[in-house]
2 protein chains.
Amino acid sequence: MFNAVGIMMDQSGGKSFVNAKQVAELAGVSRSAVSRAFTPGASISEEKRRRIVMAAEQLGYHVNHLARGLMGVPSGIVCIVVSELDTPYQSRLVRRLVEQLQAEGRIAVVLAASVAASSLQAALTRALNYRAEATVVLSGSPSQSIVRTCVESGQRLLLINRDDRMEGTYNLRTDNEMAARTALHAFLRAGCRRLAVVTSQARTPSLVAREEAFRAAADGEGLDVRVWAQGPTGYASGLAGAKALLAGRDRPDAVFCVTDLLACGFMDGARQSFGLRVPQEICVIGFDDIDQAEWEAYRLTTFRPPLDEMVRQVVDLVVMPNGSLDVSRESLLEPTFVWRSSVRPAHAEA
Amino acid sequence: MFNAVGIMMDQSGGKSFVNAKQVAELAGVSRSAVSRAFTPGASISEEKRRRIVMAAEQLGYHVNHLARGLMGVPSGIVCIVVSELDTPYQSRLVRRLVEQLQAEGRIAVVLAASVAASSLQAALTRALNYRAEATVVLSGSPSQSIVRTCVESGQRLLLINRDDRMEGTYNLRTDNEMAARTALHAFLRAGCRRLAVVTSQARTPSLVAREEAFRAAADGEGLDVRVWAQGPTGYASGLAGAKALLAGRDRPDAVFCVTDLLACGFMDGARQSFGLRVPQEICVIGFDDIDQAEWEAYRLTTFRPPLDEMVRQVVDLVVMPNGSLDVSRESLLEPTFVWRSSVRPAHAEA
DNA sequence: ACAGAATTTGCACACGCGTGCATTACGCAG
DNA sequence: CTGCGTAATGCACGCGTGTGCAAATTCTGT
């Protein structure tokens, strides 16, 4: 029944977990003492705690967080819902979130919202089943009903980069409108007049906001904007966009790509298929400041979302106790304009 | 105390969770009935189940998986330990794993092993605390002691791409040796003779294996190999490697980069700083087949790990019941050689 | 040495759930 | 109507833990 180190075997041949009672028996103390030994701030003598910890180590005992979460104690579980984890921007954000949440003693459950349409619903249900303290949604449109379920259950729902504000959720978004205006003015100062936007078929709120703000700003200057919006939000669409936009006469001399991946694809297309030089013959601005934007092959002028600040706010909202957090249900973060070499400097006008 | 839909408020103002007892009261049945209503195959009349489900929906009731996991029922939690989630290769692998595990009804907890050296130890401890069914390690070297603890607790430990096999773990790795030999022969057929390897300071087992296998294969042909190994495993190191290796006289004409990111950096360095053309003047081979390897700017010849097969085997090992899984504690997967444009074809010898 | 304060300890309960077991209700043939 | 087999139901227990409360122990000051 017991092996050399005292691990109990169950009938199926696998090993079962050691519980506090067994540790108590080995250490010759009550089970409560074991519980207190692993509870910071509990009243227990140092000598007894040492003996208990030693016994626990010998048996391979670990506090069962499931049972702990059964009581009033918060579970420490935070869900992160993400659809395209293999994207440079998303993966970086998730990494930072996981690290910081972990530093705060939380544990991050990553849920994929990509498989089916109802998958997010199922994922959030699972999150509820595990008594997650909060859920961070990086993508997908949660249905109104599931959101209500979450909020009513005391779940905090943090929506990142989604412009559709909903009742009872905390919204974090970057200032897409400001970025679009900044991009336009950078183009104008570089002497560009034939504007274009490259975006994707996916009507993600952030991307739509960037496109529309850019068009509105250009409209304010009396300038026209050609728009290319096809395929998914990735490199391939940018490449295809270049081939489409640059094929005809009167090709654009300034292109705002709503995503860095689109921008990389566009630049490659402009160079390979049309022999254009960036920024001499065509200027490009992206958004996200992914790693590749800094690569020598691109040196892309783009907007860097304030990742540190975003992560900090998310972690704060998660960690914050239940009282007094309704103060700011929404916050708008300013991206930084990162000037590299894909736009002509102002003084070098045509 | 109760609001319109019957959600109980706790004293702190947040909502507390609904339990089976409350559902039972509303539906006018016993608590056991509620439990059975949500247990597939339990003995309960269809009419009563409908009434219970309706009451549960009205109250926003969700089965508490923590309490369920308290009993013999497996927790359904799988831990994924990863150090560099914002890397193209890792993020893609994690995404696939999360999706497939989710499809099998498991929930994936992502643990960051990057912060501190002892962080992996802490991560595995947390995994044990939550009674994870299995832990998939994509990086870092777990200490022998913590591995024993995991295995003795019935945790399955799956190590991916780590050559150090340990007692009681399941190992999945790709055939780095074969890949290195294939790369060498591709270089030789292209007429290259001045070989080099670009790797990083990190002594990750896979990377070391690729480097050493390449050197061994070259040695078998009587050829020398210059090695550059500095900095982390990323684009910047590849760029620096190019500047260092190509600066002197007698520059290499074939470079095996142990990672695609290194290869991208190297290609950019070779082009920007030395005006070299790939593959006419220098051939490059990478490893991982990340998205960027297919980009027009690189069109990198590289090795594609069999991701589908890897994920399938991991999921199989996780899902498999406790009996009869010691059959294959290790499996070696063959990467595919992806031929693009960064190596001269065989017939175009110098 | 002794009272009183301060600390430590153990008992017992609660948390939310699944389930074995005894009991009841039901359907059906004789 | 009776007997019997089957489906449905409710009671009570156990899972592993944290904690209030009272009892027990140690410490402190005079």
Side-chain angles (χ1 to χ4, degrees), chain A residues 7-8 10-12 15-52 55-56 59-77 128-132 153-154, chain B residues 8 10-11 15-52 55-56 59-77 128-132 153-154:
Chain A
I7 307 287
M8 210 202 315
D10 61 22
Q11 54 276 59
S12 71
K15 290 86 171 181
S16 95
F17 285 92
V18 181
N19 60 19
K21 191 179 171 193
Q22 300 172 26
V23 176
E25 280 168 7
L26 178 65
V29 297
S30 77
R31 196 193 55 76
S32 320
V34 178
S35 184
R36 282 189 243 270
F38 290 97
T39 305
S43 175
I44 188 173
S45 70
E46 197 49 46
E47 186 267 343
K48 182 172 281 195
R49 153 170 285 144
R50 247 203 314 277
R51 218 168 61 222
I52 292 175
L59 259 57
Y61 169 74
H62 288 263
V63 178
N64 190 334
H65 270 52
L66 301 181
R68 173 179 282 182
L70 198 50
M71 333 209 46
V73 184
S75 65
I77 295 177
L128 283 173
N129 286 344
Y130 280 96
R131 297 301 187 256
S153 307
Chain B
M8 211 203 312
D10 60 22
Q11 53 275 62
K15 290 87 171 182
S16 91
F17 285 92
V18 181
N19 59 21
K21 192 180 171 192
Q22 301 172 27
V23 176
E25 281 168 7
L26 178 64
V29 298
S30 77
R31 197 194 52 78
S32 318
V34 178
S35 187
R36 283 188 242 269
F38 290 97
T39 306
S43 175
I44 188 174
S45 70
E46 197 50 44
E47 186 267 343
K48 182 172 283 195
R49 152 171 287 145
R50 245 203 314 277
R51 219 169 58 223
I52 292 176
L59 259 55
Y61 169 75
H62 287 264
V63 177
N64 189 334
H65 268 52
L66 301 182
R68 172 179 283 181
L70 201 50
M71 334 206 49
V73 184
S75 65
I77 294 177
L128 282 174
N129 286 343
Y130 280 96
R131 300 300 188 256
S153 306

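Residue numbering restarts at 1 for every chain, and letters A, B, ... go by the order of the sequence lines. Model, not experiment: these values are computed from the prediction.
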> H65(A) near the nucleic acid: base, sugar-phosphate alone, or nothing, with a heavy-atom cut-off under 4.0 Å?
Replying inline: nothing
> K48(B) near the nucleic acid: base, sugar-phosphate alone, or nothing, with a heavy-atom cut-off under 4.0 Å?
Replying inline: sugar-phosphate
> So, for F17(B) and Q22(B), which heavy atoms are closest and what is the spacing to 0.1 Å?
Replying inline: O-NE2, 4.2 Å
> Counting side-chain heavy atoms from CB outward, which of dC15(C), dG18(C), dG16(C) is closest to N64(B)?
Replying inline: dG16(C)
> Over how many whole Å does the gap from M71(A) atom CE to dC17(C) atom P extend?
Replying inline: 14 Å
> In whole angstroms, how far is the P atom of dC26(C) from the CD1 atom of I44(B)?
Replying inline: 16 Å
>> Distance check needed: dG16(D) C1' versus H62(A) NE2, whole Å only.
In response: 15 Å
> In whole angstroms, how far is the C1' atom of dT17(D) from the CZ atom of F17(A)?
Replying inline: 15 Å
> R68(A) side chain: which of dG18(D), dC15(D), dC17(C) is closest?
Replying inline: dG18(D)
> Side chain of L70(B): nearest nucleotide among dG16(D), dC17(C), dT19(D)?
Replying inline: dG16(D)
>> For a 4.5 angstrom cut-off between non-hydrogen side-chain atoms, does N19(A) reach N64(A)?
In response: no
> Which pair of heavy atoms, one from V23(A) and one from I52(A), lies closest together, and at what distance?
Replying inline: CG1-O, 4.0 Å
>> Among dC13(C), dA12(D), dT9(C), which nucleotide has an atom closest to any side-chain atom of S43(A)?
In response: dT9(C)
> Can you check whether Y61(B) has a side-chain N or O nearer than 4.0 Å to OP1 or OP2 of dC17(C)?
Replying inline: yes
> Could you give the OH-to-P distance, from Y130(B) to dT17(D), as a whole number of Å?
Replying inline: 14 Å
>> Base, sugar-phosphate or nothing for V63(A)? Non-hydrogen atoms, less than 4.0 Å.
In response: sugar-phosphate
> If you find the nucleotide of DNA chain D closest to K21(A) and the one closest to E46(B), which residue's nucleotide is nearer the 5' end?
Replying inline: E46(B)
> Base, sugar-phosphate, or nothing for S35(A), non-hydrogen atoms under 4.0 angstrom?
Replying inline: base
>> Between C1' on dT9(D) and CZ on R49(B), what's the gap in Å once rounded to a whole number?
In response: 14 Å
> Can you check the F38(A) CZ to dG16(D) P distance for me, whole Å?
Replying inline: 16 Å
>> On DNA chain D, does the nearest nucleotide to A67(B) precede the nearest nucleotide to R36(B) from the 5' side, or the other way round? Give the residue.
In response: R36(B)
> Is there side-chain contact between R49(B) and R36(B), with at least one heavy-atom pair below 4.5 Å?
Replying inline: no
>> Without decimals, in angstroms, what is the distance between N19(B) CG and dA14(C) P?
In response: 14 Å
> Hey, does the side-chain of S32(B) have a donor or acceptor N/O within less than 3.5 Å of a partner on the base of dC11(D)?
Replying inline: yes
>> Minimum heavy-atom separation for R68(B) and V63(B), please, with both atom names.
In response: NH2-CG1, 3.7 Å
